[in-house]
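Here is the structure we will look at, set down as structure tokens.
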Amino acid sequence: MTVAPDGGPVTLREGDGILRDGLLGGLGPAALAERFGTPFYAYDLEVVTAQVERLRRVLPDAFDLAYAVKANPNLAILGHLARLRLGADVASGGELQHVLRAGIPPASVVFTGPGKRDEELRAAVEAGVRVVTIESLGELRRLASIAESLGRRQPVILRAAVSDAAGRERVRIIGDDGAGKFGMDGSDLRTAAAEAVASPWLEPQGLHAFGASNVTDAASLADHVDATVGAAIELAAGAGFPLRLVDVGGGLGIAYQDHEESLDLEALGDRLAPIVARLAASPATRSARVLLEPGRFLVGPAGAFVARVIDSKTVDGRRVVILDGGIHQLLRPALVRQEHRVRALTGSAAIVAARDEVRVPVTVAGPLCSGLDVFAAGEVMVPPEPGDLVGVLDVGAYGATESMPFFLSHPIPPEIALRGGEAWISRPRVDPATWLGWQQGDPQPA
């Protein structure tokens, strides 16, 4: 439970993120900056809890949750989700090591992603993961050989290619015109299913299909689930194996700007109920589980990137502030051209903004010698001054680990976990001298 400044509990309201009443997870930004330095990432684990609970309240009983680790593999977040009894969706051997260290049981881990190396497949089988998602016939055959060498029977699900036909994701079971790098077309799916059924080392359980990312339309999400469930029923019946698992991927979105619509969870739950009823109506499918792999939805609102203003100026009539942190440490806004909400956290700008007084468009940029290093090109706010703290919000997903931290040799920011009025370093700051020490120059200089 988050603790208020007076020592009492703070109740999270629906839609609350890490920034509430000028505090980050119930703690003062200035105190955090003094203790940990800037820039830094902060993650409010109470918000993660709230997001998990909101989702669980609307999902039918037949749904399981596996956190998409690619969104944020920070060990504090993974350990927190382990205590909340979530499974995990990993896409590399490194992510598998993360979740196992965090205490997430292997039996609730799904190993997905294209291009799995033999050593990664072996690690998955040795760990005893719930299922391995199969992307191709070649991967299926390599896994069967590895499972045989270990004397273990490995559960698998087969990944279907999806296409955006007429603006809607459609699972392709029939036909071979699916585009992209993920999954298999109908012909290979049926062949893979037949080979998995025939193999003594593989246990086919169902189908996986991922639709799209950051979707905030409940109807689109439900349509994808419905299509995937239908395709899974067809595949299992055709190949002659009992349907046990339908992995519908993730894709649950969040609003990055105040004007954007949030995902209507109640509407999503209402639309999912008849899909689950369809599974329950048949003896052949009533034991099947549906796996949802949310990442961004659970951790995105929990994160903030906090940096200090080091310069302020006016260029061609527009106010510009320069921070001590940039897109090398938070790449997503430039990478996907998606501006996040930017808020003044301390100083006169934060005080005036709280009273909703006069604001102007401000360009908020970082210290890199690159024109791409801009967080917001026209954030309407009271211009912060040098020394003030600024927060870029909703960066709990695809923040620190989706960036390019070695560019221009600035320090790599620490990641700070917040919970119950306490803060601790989950991953420390890394100074350039550290990776300079990793390098080897010319062993025989001229």
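No donor-acceptor pair closer than 3.5 Å links the side chain of His410 to the backbone N or O of Gly325. Listed for the His98 side chain is a donor-acceptor partner under 3.5 Å among the backbone atoms of Gly94. In this structure a side-chain-to-backbone donor-acceptor pair under 3.5 Å is present from Asp373 to Leu368. The closest donor-acceptor contact from the side chain of Ser403 to the backbone of Pro405 lies at 3.5 Å or more, if one exists at all. At distances below 3.5 Å, not a single donor-acceptor pair connects side-chain atoms of His208 with backbone N or O atoms of Thr133. Under a 3.5 Å cut-off, the side chain of Arg341 and the backbone N or O of Gly391 do not form any donor-acceptor pair. Judged purely by atom type and a 3.5 angstrom limit, Asp324 uses its side chain to pair as donor or acceptor with the backbone of Arg308. The backbone N or O of Gly396 lies less than 3.5 Å from a partner atom in the side chain of Asn72, making a donor-acceptor pair. Remark: the backbone N or O of Asp188 is paired with a side-chain donor or acceptor of Asp185 at under 3.5 angstrom. No donor-acceptor distance shorter than 3.5 angstrom exists from the side chain of Gln51 to the backbone of Val48, with no hydrogens or angles considered.
Put simply, the side chain of Tyr67 reaches to within 4.5 Å of the side chain of Leu78, judged on heavy atoms. By the 4.5 Å heavy-atom criterion applied to side chains, Leu24 and Leu19 are counted as neighbours. Side-chain contact between Val225 and Phe63 is present, with at least one heavy-atom pair separated by less than 4.5 Å. Put simply, the side chain of Phe297 reaches to within 4.5 Å of the side chain of Leu265, judged on heavy atoms. By the 4.5 Å heavy-atom criterion applied to side chains, Leu207 and Leu189 are counted as neighbours. When side chains are defined from C-beta on, Glu293 counts as touching Thr112, because their heavy atoms get closer than 4.5 Å. Counting heavy atoms from C-beta outward, Val290 and Leu279 have side chains that approach closer than 4.5 Å. For the pair Leu408/Cys369, a side-chain contact is recorded, criterion being any heavy-atom separation below 4.5 Å from C-beta on.
Residue Arg343 is tested with Asp388, Asp258, Asp394 for a salt bridge (charged side-chain N to carboxylate O under 4.0 Å, His left out); the sole match is Asp258. Checked against Asp64 for a salt bridge (charged side-chain N to carboxylate O under 4.0 Å, His left out), the options Arg244, Arg56, Arg289 give a single hit: Arg289.
Nearest heavy atoms, Ala304 versus Ile18: CB-CG2, 3.8 Å. Across all non-hydrogen atoms, the minimal contact from His224 to Ala209 is NE2-O, 2.9 Å. Heavy-atom minimum distance, Ala288 versus Leu243: CB-O, 3.6 Å. Closest non-hydrogen pair, Ala222 versus Leu268, comes out as N-CD1, 4.3 Å. The heavy-atom pair separating Leu263 from Gly253 by the smallest distance is CB-O, 4.0 Å. Closest non-hydrogen pair, His340 versus Glu379, comes out as O-OE1, 4.0 Å.
The structure places CG of Leu345 at 6.0 Å from CG of Leu389, a figure rounded to the nearest 0.5 Å. Note that the NE2 atom of His328 and the OG atom of Ser370 stand 11.0 Å from one another [nearest 0.5 Å]. Between the CZ atom in Arg318 and the OG1 atom in Thr314 there is a gap of 11.0 Å [rounded to 0.5 Å]. If you take NE2 on His80 and CG on Asp44, they are separated by 8.5 Å, rounding to the nearest 0.5 Å. Going from atom CD of Glu95 over to atom CZ of Phe111 covers 8.0 Å, rounded to the nearest 0.5 Å. In this structure, the separation between CG on Asp89 and NZ on Lys70 is 7.0 Å, given to the nearest 0.5 Å.
Enclosure of atom CD in Gln257 by more than 12 non-hydrogen atoms of other residues, nucleotides or ligands within 6.0 angstrom is indicated. No more than 12 heavy atoms of other residues, nucleotides or ligands sit less than 6.0 Å from atom CZ of Arg101. Annotation: Arg83, atom CZ; neighbour count of heavy atoms from other residues, nucleotides and ligands within 6.0 Å is above 12. Within a 6.0 Å sphere centred on CD of Glu260, heavy atoms belonging to other residues, nucleotides or ligands number more than 12.
Of the charged side-chain nitrogens involved, none lies within less than 4.0 Å of a carboxylate oxygen, so that Arg271 and Asp217 do not count as a salt-bridged pair. A salt bridge between Lys116 and Glu139 is present, with a side-chain N of the basic residue lying under 4.0 Å from a carboxylate O of the acidic one.
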Before you tell me yes or no, could you show the steps for Ile416 and Ile425 under side chain to side chain contact (heavy atoms under 4.5 Å, CB included), namely the whole-Å CA-CA distance, both residues' side-chain angles and the distance that decides it to 0.1 Å? CA-CA 5 Å; Ile416 310 304; Ile425 297 175; 3.8 Å; yes

Step-by-step side chain to side chain contact (heavy atoms under 4.5 Å, CB included) determination, Glu422 to Leu45: CA-CA 11 Å; Glu422 297 183 356; Leu45 300 182; over 6 Å; no

The test is side chain to side chain contact (heavy atoms under 4.5 Å, CB included); show your working for Leu418 and Leu32 and say whether it passes. CA-CA 10 Å; Leu418 313 174; Leu32 291 171; 4.2 Å; yes

Please walk me through it: do Leu323 and Phe375 pass side chain to side chain contact (heavy atoms under 4.5 Å, CB included)? CA-CA 10 Å; Leu323 310 179; Phe375 289 124; 4.0 Å; yes

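Annotation: cation-pi geometry satisfied between Arg332 and Tyr256 (NZ/CZ under 6.0 angstrom from ring centroid, within 45° of ring axis).
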